[in-house]
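Here's the structure we're looking at; comments come further down.
For reference, positions follow the sequence shown, starting with 1. Basis for what follows: all heavy atoms, side chains included, without hydrogens, waters or symmetry-related copies.
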Amino acid sequence: MQRFHMEMESLSENEEFARVVAAVFMSRLDPTLEEIEDVKTAVSEAVTNAEIHGYGGRPGIIEMDMEIEGTELTIQIRDSGKGIENVEKALEPLFTTDRSGERSGMGFSFMEAFMDELEVQSEPGKGTLVIMKKRIGR
């Protein structure tokens, strides 16, 4: 088993950094370009959600943990922001709490589409944990 842990500030420029780190870490599994792009997109959505919805643009720390076991990649994105009141509702396509009209409400849907498994754990006032898994080289 191989593991990696990283903490980053909740800044928009760190979203691209998280994508690249995930791609480099998963390269040990000899993924296809499509698999790399899928994971990068899912990581991007999770980190952006933490920054925008978890912290509301305020300072905070986003943690990213990655693990490889066999051919399975697990990525966890964690924030200590405001949390999600109704996770089931938040997982519905097109649901968003953004009232500016800038957000489509498709973040979790993209994560679900590009990864093999998605789990979201959240508690209001305590933050959110997104767990994503993808089997590489099927």
What is the distance from atom CG of Asp116 to atom CG of Leu118, rounded to the nearest 0.5 Å?
-> 11.0 Å
Flag the pair Glu37 / Leu33 as yes when at least one side-chain heavy-atom distance between them is below 4.5 Å, and no otherwise.
-> no
For Tyr55 and Ile61, indicate whether the former's side chain and the latter's backbone hold a donor-acceptor pair under 3.5 Å.
-> yes
Answer whether the closest heavy-atom distance between the side chains of Lys133 and Ile75 falls below 4.5 Å.
-> no
Which other residues belong to the hydrophobic cluster containing Ile131, where Ile, Leu, Val, Met, Phe, Trp and Tyr are joined when side-chain heavy atoms lie under 4.5 Å apart, directly or via other members?
-> Leu129
Asp65 versus Arg78: any side-chain heavy-atom pair under 4.5 Å?
-> yes
Consider only side-chain N and O atoms of Glu67 and Thr74, and report whether a donor and an acceptor are under 3.5 Å apart.
-> no
Applying side-chain contact (heavy atoms from CB on, under 4.5 Å), run through Gln76 and Met64 and close with a yes or a no.
-> CA-CA 6 Å; Gln76 297 185 21; Met64 182 166 77; over 6 Å; no
Indicate yes or no: does Asp38 engage Lys134 in a salt bridge with an N to O separation below 4.0 Å.
-> yes
Nearest heavy-atom neighbours spanning Gln2 and Phe25 = O-CZ, 3.7 Å
Donor-acceptor contact present, side-chain Ser122 to main-chain Val87, <3.5 Å = no
Between Val130 and Phe108, is a side-chain contact (heavy atoms from CB on, under 4.5 Å) present by the stated rule, with each step listed?
-> CA-CA 9 Å; Val130 175; Phe108 286 131; 4.1 Å; yes
Arg28, CZ: over 12 other non-hydrogen atoms inside 6.0 angstrom = yes
Find out if a path of hydrophobic residues (ILVMFWY) with successive side-chain heavy-atom gaps under 4.5 Å connects Leu11 to Val43.
-> no
Would Ile68 and Phe4 count as a side-chain contact (heavy atoms from CB on, under 4.5 Å) if you check the C-alpha gap in whole Å, the side-chain angles of each, and the deciding distance to 0.1 Å?
-> CA-CA 9 Å; Ile68 292 172; Phe4 178 81; over 6 Å; no
Any side-chain heavy atom of Thr48 sitting closer than 4.5 Å to one from Ser44?
-> yes
Separation between CE of Met132 and CD of Glu112, rounded to the nearest 0.5 Å = 12.0 Å
Is Ile36 linked to Phe17 within one hydrophobic cluster, defined over Ile, Leu, Val, Met, Phe, Trp and Tyr using a side-chain heavy-atom separation of less than 4.5 Å?
-> yes
Answer yes when Arg135 and Glu117 have at least one side-chain N-carboxylate O distance shorter than 4.0 Å, and no when they do not.
-> yes
Worked verdict on Glu51 versus Ser12 for side-chain contact (heavy atoms from CB on, under 4.5 Å) | CA-CA 7 Å; Glu51 178 206 337; Ser12 62; 3.6 Å; yes
Of all heavy-atom pairs between Ala42 and Met115, which one has the smallest distance, and what is that distance?
-> CB-CG, 3.6 Å
Any donor-acceptor pair under 3.5 Å linking the side chain of Asp79 with the backbone of Gly127?
-> no
Quick one: are Glu15 and Glu13 in side-chain contact, heavy atoms under 4.5 Å?
-> no
Any side-chain heavy-atom pair from Ile62 and Met6 closer than 4.5 angstrom?
-> no
OG of Ser109 to CD of Glu45, rounded to nearest 0.5 Å, is 9.5 Å
Inspect the surroundings of CD in Glu7 and state if more than 12 heavy atoms from other residues, nucleotides or ligands are less than 6.0 Å away.
-> yes
Any side-chain heavy atom of Gln121 sitting closer than 4.5 Å to one from Thr128?
-> no
Do Lys40 and Met26 come close enough that some side-chain heavy atom pair is under 4.5 Å?
-> no
Return the minimal non-hydrogen interatomic distance between Glu85 and Pro124, and the atom names on each side.
-> CA-CG, 3.8 Å
